[in-house]
Each structure stands twice: as structure tokens, then as C-alpha cells.
Amino acid sequence: MIPWQEYDALLRKKLSPKRYRHSVAVMERAVELAKRYGVDVQKAKLAGLLHDVMKNEDKNNLLQFIRNSDILLSVAEKNGPPLWHAIGGYLYVRDVLKIEDADVLNAIRYHTTGRAGMSKLEKVVYLADLTSADRDYEDVEEARTRSEEGLDVGMRYSINFLICDLVKKGNMLHQDTVDCYNELIERELNKNGEKTKE
């Protein structure tokens, strides 16, 4: 039995009102996408709700929390504070809330970077975060449309958008993001190759 009221109260306490509303919006979008793609709705709801649980944590406290764990930060992670909340959220949900479901934990951990070998749940939460009703960045409508055409279609568009944005800003690329992109492109090339052979 998932203690929804307890988690809701926790988020209201830990997050700013805007970030709380975003978390609820991501949960709702994750449920929509989960139903569309045959993903466990309760897991999508849970991961969507908790994905940003550490987003408003003080940066120094968050970094210390991660350093006290079993996770070693990569160069991109050490130099990318916006990535810390996903790692911290994964640890908080695993170690404090005692949620053991690996798929839910990974959906929270990789919702900012993506990675190669993402499960359908991970893709649902990644896309829900980018396309929730509260999002209003340039190209969000296109991202929403693509995410409803297929999980990989949505992922390809979103990862490409993210990489272009990071490069434009002169930020480091996380290896997981590069691996995710390469896997999606390879899958597309293989699919097109099969069509060509026919």
C-alpha cells in the first residue's frame, strides 16, 4: 500500500509551491503516458510524484548527502549541480523512504540525464518531466506531440533538444546522455536498415 497522503505532505514540506505543483503535474503526465504505453500506472504515479523530492535542497547539503552515500560522482556530475537533485532524490527515496523497487528508483535517478537501456517506466518519467502541463519552454508542444507518437520518438526528440541546449550553453555532456542518444540513433539506423533490405 503506497502512503500517498504521507508523500504529498512530505513534498509540500520539502518543496517550494511551484516545485510541488510541478511534481503533481509530472505525476499526472506520467499516469497519462503510462496508460498509453502499457506501463504500471502506480509505479509511474509514484516515480513522477517523487522525482524532484530533493530539488529544493540546499546545494551544499545535497552534495554532502551524495558524498555520504555509495555513489561516486563523475566529472560531469561534480561540475553539474543541476544533476545532483536526481542522484540525491534516488538516494533519499531508497534510503529514507525505503522504496525498494529498482525501476522506480532508476526512473528518479535518470530523469535528468537519461541513459542507455532505459526501461519503459524510466522513459515515461523522463518524458513526463519534460512535457507536463506546467512546462512552457520553446518547443514544448513539439515535445508533447512526439512523446505521444512513441516512447522512442519522444526520447529521440527530447535528448536531441537537451544535447543541443547544453552544447549551446557550453555545459558538459553527461556520458549517460550521450549513451542514451547513441542507443536511440543506433536503434533508428537498424530499423531503417531493415526497411532498406526489404
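Owing to the predicted nature of the structure, the values given are computational and were not obtained by experimental measurement.
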Chemist: Report yes if the side chains of Met27 and Leu50 come closer than 4.5 Å at any heavy-atom pair, otherwise no.
Modeler: no
Chemist: Is there a donor-acceptor contact under 3.5 Å from the side chain of Thr113 to the main chain of Thr177?
Modeler: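 Checking the backbone N and O of Thr177 against the side chain of Thr113, no donor-acceptor pair under 3.5 Å is found.
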Chemist: Determine the minimum heavy-atom distance between Ala47 and Ile108, stating which atoms define it.
Modeler: O-CG1, 4.0 Å
Chemist: So, are Asp103 and Lys120 salt-bridged, with charged N and O less than 4.0 Å apart?
Modeler: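 Answer for the salt bridge query: no.
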Chemist: Are more than 12 heavy atoms, taken from residues, nucleotides or ligands other than Phe65, located less than 6.0 Å from that residue's CZ atom?
Modeler: yes
Chemist: Pick one: which of Lys35, Arg36, Arg29 meets side chain to side chain donor-acceptor pair (under 3.5 Å) with Glu32?
Modeler: Arg29
Chemist: For residues Tyr126 and Leu162, determine if any side-chain heavy atom of one lies less than 4.5 Å from a side-chain heavy atom of the other.
Modeler: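 Side chain of Tyr126 against side chain of Leu162, heavy atoms only: contact under 4.5 Å found.
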Chemist: Checking the side chain of Glu183 only, and the main-chain atoms of Gly117 only, is there a donor and an acceptor separated by less than 3.5 Å?
Modeler: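 Looks like yes, one N/O pair under 3.5 Å.
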Chemist: Do side-chain atoms of Asp52 reach the backbone of Ser23 as a donor and acceptor pair under 3.5 angstrom?
Modeler: no
Chemist: Check for a donor-acceptor pair, side chain of Ser69 on one end and backbone N or O of Ile66 on the other, with a separation under 3.5 Å.
Modeler: yes
Chemist: Please determine if Arg187 and Asp152 form a salt bridge, counting it only when a charged side-chain N lies under 4.0 Å from a carboxylate O.
Modeler: yes
Chemist: If you compare all heavy atoms of Ser147 against all heavy atoms of Leu33, which two are closest, and at what distance to 0.1 Å?
Modeler: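 Shortest heavy-atom separation between Ser147 and Leu33 comes out as O-CD2, 4.0 Å.
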Chemist: Taking Asp8 for its side chain and Trp4 for its backbone only, find out whether a donor-acceptor pair lies under 3.5 Å.
Modeler: no
Chemist: Hey, what do you get for CZ (Arg115) to CD1 (Ile159), rounding to the nearest 0.5 Å?
Modeler: 12.5 Å
Chemist: Applying ring-ring contact (aromatic ring centres under 6.0 Å, His included), can you list everything that pairs with His174, at least two apart in sequence or on another chain?
Modeler: none
Chemist: Going by an N to O cut-off under 4.0 Å, is there a salt bridge joining Glu122 and Arg109?
Modeler: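 No.
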Chemist: Is a donor on one side and an acceptor on the other found under 3.5 Å between the side chain of Arg12 and the backbone of Tyr20?
Modeler: no
Chemist: Any side-chain donor-acceptor pair under 3.5 Å between Asn190 and Glu186?
Modeler: no
Chemist: Check the surroundings of atom CD in Glu100: do more than 12 heavy atoms from other residues, nucleotides or ligands lie under 6.0 Å from it?
Modeler: no
Chemist: Between His111 and His51, what is the ring plane arrangement, given parallel below 30°, perpendicular above 60°, and tilted in between?
Modeler: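 Rings of His111 and His51: perpendicular, over 60°.
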Chemist: Hey, are Lys169 and Asp165 close enough for a salt bridge, meaning a charged N less than 4.0 Å from a carboxylate O?
Modeler: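 Yes, Lys169 and Asp165 are salt-bridged.
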Chemist: Does NZ or CZ of Lys123 lie under 6.0 Å from the centre of the six-membered ring of Tyr37, at an angle within 45° of the ring axis?
Modeler: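 No, cation not above the ring by the 6.0 Å, 45° rule.
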Chemist: Once rounded to the nearest 0.5 Å, what's the spacing between atom CG of Leu97 and atom CG of Leu91?
Modeler: 11.5 Å
Chemist: Restricting to non-hydrogen atoms, name the atom on Val104 and the atom on Asp101 that form the minimum distance, rounded to 0.1 Å.
Modeler: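 Here Val104 and Asp101 meet closest at N-OD1, 3.0 Å.
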Chemist: Could you report the tightest heavy-atom contact between Leu105 and Tyr90, atom names first, then the distance?
Modeler: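 Looking at all heavy atoms of both residues, the shortest contact is O-CD1, 3.3 Å.
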Chemist: Would you mind checking if Glu148 and Arg144 are paired as a salt bridge, meaning a charged N to carboxylate O distance below 4.0 Å?
Modeler: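 A salt bridge is absent here (no side-chain N lies under 4.0 Å from a carboxylate O).
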Chemist: Measuring from atom CE of Met172 to atom OG of Ser74, what distance do you get when rounded to the nearest 0.5 angstrom?
Modeler: 9.0 Å
Chemist: If I compare all heavy atoms of Lys14 with all of Tyr92, which pair ends up nearest, and what's the gap?
Modeler: CD-OH, 4.0 Å
